*Asks:* 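Please find one structure pasted underneath; my questions will follow.
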Amino acid sequence: MKKYYVSTPIYYVNGSPHIGHVYTTVAADVLARFERRRGKEVFFSVGVDENSQKNVEAMAKAGDDNLQNYLDKMAQIWKTAWDDLGITYDRFIRTTEPCHHAAVERFWRAVLKSGDIYKGKYEGNYCTGCESFKTDSELADGRCPLHPKDELKAVSEENYFFKASNYRDELLALIDKHPEFVGPVARKNEIKNYIRDHFQDFSISRESKNMEAGIPVPDDPSQKIYVWFDALINYLTVVGYGTDESAFKQWWPADLHLVGKDIIKFHCALWPAMILSAAKNDPALRTEDGKAKLPKRIFAHGFFTIEGQKISKSIGNIIDPRDLVPTYGFDAIRYFLLREIPFGEDGDFSIDRLRERYVHDLSNTLGNLLNRAIAMSRKYFDEKIPAAISHSANYTFADEQGAKELAKNFDKNISGLSFDSALETIWNGIEGKYGLLQANKFIEDTQPFKLIKTDPDAVAVILYSLLEYCRIVAWLIEPIMPETAKKMITQLGQDFEIEQNRNREDLLSWGGCKPNTDLPQPEVLFPPL
RNA sequence: CGCGGGAUAGAGCAGUUGGCAGCUCGCCAGGCCCAUAACCUGGAGGUCGCCGGUUCGAGUCCGGCUCCCGCAACCA
């Protein structure tokens with residue numbers, strides 16, 4: 001069985017999850033559900049980054065003074081949020097877990113053995129905003145371009161450094177050879193420029209006396225490991241690095257790291273460089289022919305504004321998705337996030353747009369189609385799925401061929417992370433065919449509500465094809481709107497729990513609706529707001 | 001020359017490999033009655049930010065310019 005390992009970033013716990021975190025996590029959840037449905041064995045990891053000094057600051061702000069208590073409380077909040085929203089993660093990692101510390105230590109020693117860690121007295125400029133040192137070439141007018149208002153601190157500290165510069169050429173070659181390694185293309189170009197012009201040795205430790213959080217450097221407790229160096233290793237920890245050799249062998253490398261566009265440098269440059277280094281002295285990180293096992297793909301989504309303004313606590317437009325669930329349902333929010341904003345691009349989240357999508361796409365187009373198809377079947381065929389005797393093309397919507405084309409197109413788009421295109425195709429069809437809009441039009445064209453008086457056999461064909469089409473749509477959109485799919489299948493007179501055990505190819509084959517099955521009284525999928 | 005994104009119909013957006021400008025909403029006029037005041041048809045509405053170049057042909061490729069936005073306090 002093929003495996004699929006997808007990860008989200010681990011988030012800082014300096015607040016509760018908001019709609020931005022949900023965006024990344026939902027996208028990963030959709031992919032996990034999609035690949036499971038396709039028969040792959042899936043590992044989907046989420047988690048929290050607990051070794052950051054930012055958490056210490058957040059704790060102080062929250063009026064707490066015991067770091068462990070604070071971290072425990074926050075981890076619970078985050079885990080509960082994903083549980084409440086039905087995120088189907090397989091592992092929720094906290095980077096304070098002992099197994100992670102063990103993994104980080106093992107990794108550090110491998111990099112050390114490769115000769116890529118050296119201790120250097122750093123005398124230079126430290127930007128508190130960035131939490132990192134700045135080289136002269138990175139400065140603008142003697143200031144950090146990201147934090148021009150902050151005075152740079154002249155710091156003199158003994159730190160360990162990672163010889164990232166050793167891997168510059170290898171990384172550039174890797175990206176050229178595997179263009180899919182970084183996506184979307186705009187980000188790939190950005191990363192190439194970054195590696196070529198700015199990718200230098202990283203300071204990967206801080207003096208412990210200044211750090212409450214963090215993992216100590218092996219054999220040197222006076223230093224603590226830089227939070228990014230530790231955080232990235234979580235992707236290994238969750239699949240058993242250092243604790244479960246066979247699990248690790250099965251799952252690593254990751255098929256996809258999903259990240260926000262703000263952290264691509266760490267994921268697309270530092271992280272693979274770290275692995276290239278560690279792999280030299282850790283066989284678990286190599287293939288049999290000695291090549292480093294790097295993640296297969298890293299994809300950065302864009303950011304969205306809320307009502308045209310950036311997400312900001314001081315503006316007060318932070319949205320906890322759970323506040324929207326009672327009104328719209330989580331499926332509609334999932335649909336909206338993925339349909340509205342092309343994945344990888346920036347976008348805007350607005351309640352008006354959400355309502356518009358809810359009313360038009362979900363309620364009027366999808367919900368209404370299912371409802372009218374079922375209502376007519378019940379009315380004209382004794383509350384059952386009609387038996388289609390003939391198969392006149394004039395009276396058949398979609399059919400075997402259409403279902404196949406739709407599924408093929410959908411799968412291609414989801415695999416390519418083009419969620420918006422995948423959904424657009426379901427609604428608008430392929431070249432004006434097989435879409436939900438066309439299905440509603442098909443009813444107008446064939447007028448089953450009139451035809452029933454003269455040609456009931458034709459109406460049976462029409463309605464059967466519509467019900468069957470709805471069934472197939474339900475299984476296609478199921479990874480994105482699981483609750484809706486379940487309701488649709490149930491309304492079509494089938495037992496969702498039983499059906500979902502069938503393999504996807506069967507589910508998507510024409511003919512899954514059995515004639516003469518009782519159709520229950522339909523319930524409105526998306527009630528008026 | 002800090003990095004990156006964007007400018008396409010009234011609004012919000014799509015336009016992979018250059019080949020007659022698309023989608024949703026909104027608006028106007030009709031139709032229908034199976035359905036969630038839902039559905040369908042037709043219509044109005046764009047010199048694709050500006051200037052130049054390559055080409056038989058450019059929203060799309062190249063060069064330049066203008067304006068907007070994000071990263072610098074919280075913040076994916």
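Quick caveat, the model's predicted, so the values are computed rather than measured. Chain letters run A, B, ... following the sequence lines, proteins first, then strands; residues in each count from 1.
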*Asks:* Sticking with atom P, work out how far B/G57 lies from B/G52, rounded to a whole angstrom.
*Replies:* 16 Å
*Asks:* Looking at B/A11, which nucleotide sits across from it as a Watson-Crick or G-U wobble partner, both distances under 3.5 angstrom, or is there none?
*Replies:* B/U24
*Asks:* Indicate, with yes or no, if the rings of A/F343 and A/F299 have centres closer together than 6.0 Å.
*Replies:* yes
*Asks:* Between B/G12 and B/C27, how far is it from one C1' atom to the other, in whole Å?
*Replies:* 16 Å
*Asks:* For the side chain of A/K310, starting at C-beta, report the closest nucleotide among B/A14, B/A73, B/C25.
*Replies:* B/A73
*Asks:* When rounded to the nearest Å, what value does the distance between P atoms of B/G42 and B/U24 take?
*Replies:* 12 Å
*Asks:* Check whether A/N55 reaches the backbone of A/V13 with its side chain - one donor and one acceptor, N or O, closer than 3.5 Å.
*Replies:* yes
*Asks:* Does A/K296 NZ have over 12 foreign heavy atoms under 6.0 Å away?
*Replies:* yes
*Asks:* Taking B/C51 as the reference, what is the distance to B/U8 when you measure between their P atoms (whole Å, please)?
*Replies:* 15 Å
*Asks:* Choosing from B/U36, B/C32, B/U41, which nucleotide comes nearest the side chain of A/K441?
*Replies:* B/U41
*Asks:* Considering only side-chain heavy atoms of A/R187, which listed nucleotide, B/G5, B/C23, B/C33, is closest?
*Replies:* B/G5
*Asks:* Please work out if A/F304 contacts a base, only the sugar-phosphate, or nothing of the nucleic acid, heavy-atom cut-off 4.0 Å.
*Replies:* base
*Asks:* To the nearest angstrom, how far is A/H267 atom NE2 from B/A76 atom C1'?
*Replies:* 12 Å
*Asks:* Calculate the interatomic distance between A/D348 atom CG and B/C13 atom C1'; express it in whole Å.
*Replies:* 11 Å
*Asks:* At 4.0 Å (heavy atoms only), tell me whether A/N14 reaches a base, stays on the sugar-phosphate, or touches nothing.
*Replies:* sugar-phosphate
*Asks:* Just to be sure I understand the rule, does A/D445 reach a base, reach only the sugar-phosphate, or reach nothing, if contact means heavy atoms closer than 4.0 Å?
*Replies:* nothing
*Asks:* With a 6.0 Å cut-off on ring centres, are A/Y395 and A/Y464 close enough?
*Replies:* no
*Asks:* So if I take every side-chain heavy atom of A/R353 and compare against B/A14, B/C33, B/U24, which nucleotide ends up nearest?
*Replies:* B/U24
*Asks:* Take atom P in B/C61 and the same atom in B/G19, then report the distance between them in whole Å.
*Replies:* 11 Å
*Asks:* With side chain to side chain donor-acceptor pair (under 3.5 Å) as the test, would you mind laying out the steps for A/D399 and A/Y434 before giving the verdict?
*Replies:* CA-CA 9 Å; A/D399 72 23; A/Y434 313 132; 5.0 Å; no
*Asks:* Please determine, for B/U41, whether a Watson-Crick or G-U wobble partner exists with both distances under 3.5 Å, and give it or none.
*Replies:* B/A29
*Asks:* Tell me if the side-chain of A/N368 makes a donor-acceptor pair with the base of B/A35, cut-off 3.5 Å, by modelled atom types.
*Replies:* yes
*Asks:* What is the nucleic acid contact for A/A373, judged by heavy atoms within less than 4.0 Å: base, sugar-phosphate only, or nothing?
*Replies:* nothing
*Asks:* Are A/F419 and A/H301 an aromatic pair, judged by ring center distance below 6.0 Å?
*Replies:* no
*Asks:* Give the rounded distance in Å between these two atoms: CG of A/N371 and C1' of B/C39.
*Replies:* 12 Å
*Asks:* Nearest-Å distance, CD1 (A/I191) to P (B/G5)?
*Replies:* 12 Å
*Asks:* Counting Watson-Crick and G-U wobble pairs only, both distances under 3.5 Å, name the nucleotide matched with B/G46, or none.
*Replies:* none
*Asks:* Less than 4.0 Å between a side-chain N and a carboxylate O, is that true for A/E57 and A/K54?
*Replies:* no
*Asks:* Starting at atom CZ of A/R357, determine the distance to atom C1' of B/A14, rounded to an integer number of angstrom.
*Replies:* 10 Å
*Asks:* Under 3.5 Å for both donor-acceptor distances, Watson-Crick or wobble: does B/C67 have a partner, and if so which one?
*Replies:* B/G6
*Asks:* Would you say the side chains of A/N189 and A/N193 form a donor-acceptor pair under 3.5 Å?
*Replies:* no
*Asks:* Starting the side chain at C-beta, find the nucleotide from B/G5, B/A76, B/A73 nearest to A/E345.
*Replies:* B/G5
*Asks:* With nearest nucleotides of RNA chain B determined for A/N189 and A/P528 from heavy-atom distances, which residue corresponds to the more 5′ nucleotide?
*Replies:* A/N189
*Asks:* What's the NZ-P distance between A/K261 and B/G4, to the nearest Å?
*Replies:* 11 Å
*Asks:* How far, in whole Å, is B/G49 from B/A38 if one measures between their C1' atoms?
*Replies:* 40 Å
*Asks:* Please pick, from B/U36, B/C40, B/A35, the nucleotide with the shortest atom-to-atom distance to any side-chain atom of A/L525.
*Replies:* B/U36
*Asks:* How close or far is atom P of B/C13 from atom CG of A/N428, stated in whole angstroms?
*Replies:* 17 Å
*Asks:* Would you indicate, yes or no, if B/A35 has its OP1 or OP2 atom less than 4.0 angstrom from a side-chain nitrogen or oxygen of A/N364?
*Replies:* no
*Asks:* Whether the A/H21 and A/W78 side chains hold a donor-acceptor pair (N or O, under 3.5 Å, no angle test) is what I'd like checked.
*Replies:* no
*Asks:* Could you please name the option among B/C25, B/A76, B/G31 that lies closest to any side-chain atom of A/E356?
*Replies:* B/C25
*Asks:* Name the closest nucleotide to the A/H360 side chain, picking from B/C40, B/U36, B/U24.
*Replies:* B/U24
*Asks:* Using centres under 5.5 Å plus planes under 30 degrees as the test, is A/F303 stacked with B/A76?
*Replies:* yes
*Asks:* Between B/C23 and B/G15, how far is it from one C1' atom to the other, in whole Å?
*Replies:* 10 Å
*Asks:* So what does A/L437 hit on the nucleic acid, given a heavy-atom distance under 4.0 Å: a base, only sugar-phosphate, or nothing?
*Replies:* sugar-phosphate
*Asks:* Could you work out the separation of B/G59 and B/U47 based on their P atoms and round it to a whole Å?
*Replies:* 13 Å
*Asks:* What is the distance, rounded to the nearest whole Å, between atom CE of A/M59 and atom C1' of B/C74?
*Replies:* 18 Å
*Asks:* What's the closest nucleotide to the A/I443 side chain, out of B/C34, B/U24, B/C13?
*Replies:* B/C34
*Asks:* At 4.0 Å (heavy atoms only), tell me whether A/P342 reaches a base, stays on the sugar-phosphate, or touches nothing.
*Replies:* sugar-phosphate
*Asks:* Write down the partner of B/U16 under the Watson-Crick or G-U wobble criteria, each distance required to be under 3.5 Å.
*Replies:* none
*Asks:* For A/Y23 and for A/V359, find the nucleotide of RNA chain B with the closest heavy atom, then tell me which residue's nucleotide is more 5'.
*Replies:* A/V359
*Asks:* Can you identify which nucleotide, out of B/C39, B/C33, B/G5, has its nearest atom closest to the A/N440 side chain?
*Replies:* B/C39
